[in-house]
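Predicted model, so just to flag it, every value in this text is computed and none were measured.
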Amino acid sequence: MTAPGNPAEKYRFNSPMWRDKGLAARALEEMRALTAQVSGRTGKTVNIMEVCGTHTMAIASSGMRRLFPPGLKMLSGPGCPVCVTSQGDIDSVLALAALPDVTLATFGDMLKVKGSNGLDLNSMREKGADILVVYSPLDALAFARSNPLREVVFAGVGFETTAPLIAASVLRARKEKLKNFSVIAFFKLVPPALKLLLSDPKNNISGFLLPGHVSAIIGVEPYRFVARVHKVPCVITGFEPLDILAGINMLLRQLARGRAEVEDEYYRAVKKAGNPTALKLIAKVFNPVEASWRAIGRVKRSGLGFSPEFAGFDAARRFKIAYREAPEPRGCLCGAILMGRSQPPDCRLFAKACTPSSAVGPCMVSSEGACAAWFKYGG
């Protein structure tokens, strides 16, 4: 696939050279020159936020953070689905898991996230709660089909990437007339999160590395406001090390030339209009709703809830689970880290009271969490 005129062509990313050392060395050399140019002109560090937790983990696991020039700082953003799920939402999941006759189906990342009462799904399972770890909502649907006397609730946590598959599972459940399948919906939307970050007058974000997989669903247009209104450059970026190096350099070139645009480094997977089929699934089953973000609070139209036509699949409504706001774990800086205001080592709990085996906050629990990445691979 080619995209004539796309800045990413320089790195030949349509060829199988994802981890070519020579290309990486050239990209890093260019990064050093561009960073010096931008920071020399502004007198400030260039702060680039990788919005996506997968980018955070890729940067850490490849060791590239140690290769970045001194004037460039990467910030982890609110793109880890488990990390942004609020304490109140976690409490709602735990309340569902405690109900008799309910099987709570979830992805594995959710097992160790503690509720405000100190319990997590793992510990509840040890006490007898029926917790089913699945790789797909379709696994939960199959379990419901095979166990008609059990109420099966899927914990719907994630972004625009997860929502289409869950919408498809709901449509299939309706087609099969399954009465024992429902979803507790905690979906989040990325563009409202960017708007929230940029509305903070204290934000210090020079540019965004945008998530490749979310963008494969929603396309390019939903990000235009970031460049047009806030004059902050953006680059949609893939997940290979050279993808990330190229994405950063594309951002630096925009900054060096005083431009603010939305560019697509990941053009081999992301189309301008996104994935129309996936978007239709989302629009058919869900509506934009106010959502609660960890340590940030409730943000209008930043989540997805069931449309009236599919309200019967809403587990919160079916089981009358009342939402209650709950405080963050004492001393935990997950919220500040998600907003790009702090780095994991800034938290006094990091690697002491909070470790992967005994995590306090979700950023240490999740496989895409910033604290987990720093703990495992270092800064």
Within a radius of less than 6.0 Å around [atom1] of [X], do more than 12 heavy atoms belonging to other residues, nucleotides or ligands occur?
X	atom1	answer
R172	CZ	no
R41	CZ	yes
K112	NZ	no

Find out whether [X] and [Y] are in side-chain contact, i.e. whether some heavy atom of one side chain is under 4.5 Å from a heavy atom of the other.
X	Y	answer
D120	L111	no
R324	D91	no
W374	R65	yes
V285	F313	no
V226	L198	yes

>> Using the rule that Ile, Leu, Val, Met, Phe, Trp and Tyr join whenever any side-chain heavy atoms are under 4.5 Å apart, tell me whether V84 and I166 fall into a single cluster.
In response: yes
Answer yes if the side chains of T103 and E151 hold a donor-acceptor pair under 3.5 Å, and no otherwise.
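No pair is found: no donor N or O on one side chain lies under 3.5 Å from an acceptor on the other.
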- prompt: Does a side chain donor of either T237 or D243 reach within less than 3.5 Å of an acceptor in the other side chain?
  reply: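 There is no such pair (donor and acceptor under 3.5 Å, judged by atom type) between the side chains of T237 and D243.
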Closest non-hydrogen contact found for V360 with C332 is CG1-CB, 4.4 Å
Minimal heavy-atom distance between A315 and V153, with the atoms involved, is CB-CG1, 3.6 Å
What distance do [X] atom [atom1] and [Y] atom [atom2] have between them, rounded to the nearest 0.5 Å?
X	Y	atom1	atom2	result
K231	Q254	NZ	CD	12.5 Å
R32	L34	CZ	CG	11.5 Å
E265	I248	CD	CD1	10.5 Å
I131	E126	CD1	CD	11.0 Å
M64	L245	CE	CG	4.5 Å
S136	F107	OG	CZ	6.5 Å

**OP:** Check the angle between the aromatic planes of W293 and F159 and answer parallel, tilted or perpendicular using the 30° and 60° thresholds.
**Re:**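 Rings of W293 and F159: tilted, as their planes differ by 30° to 60°.
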Indicate the ring-plane relationship of H213 and F239, choosing parallel, tilted or perpendicular according to the 30° and 60° boundaries.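 Plane angle between 30° and 60°, so tilted.
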Is R224 salt-bridged to E221, going by a charged N under 4.0 Å from an acidic O? yes
Does a side-chain N-to-carboxylate-O contact under 4.0 Å join E263 and R253? no
Is a donor on one side and an acceptor on the other found under 3.5 Å between the side chain of [X] and the backbone of [Y]?
X	Y	result
N147	L149	no
S61	M57	yes
D109	S366	no

Taking the cut-offs as 6.0 angstrom to the six-membered ring centre and 45 degrees off its axis, would you call R298 and Y323 a cation-pi pair?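 Cation-pi check for R298 and Y323: passes.
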Exercise. Could you list all the salt bridge (Lys or Arg N to Asp or Glu O under 4.0 Å) pairs where at least one residue sits in residues 73-90, not counting sequence neighbours?
Key: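 Sorted pair list: D89-K188.
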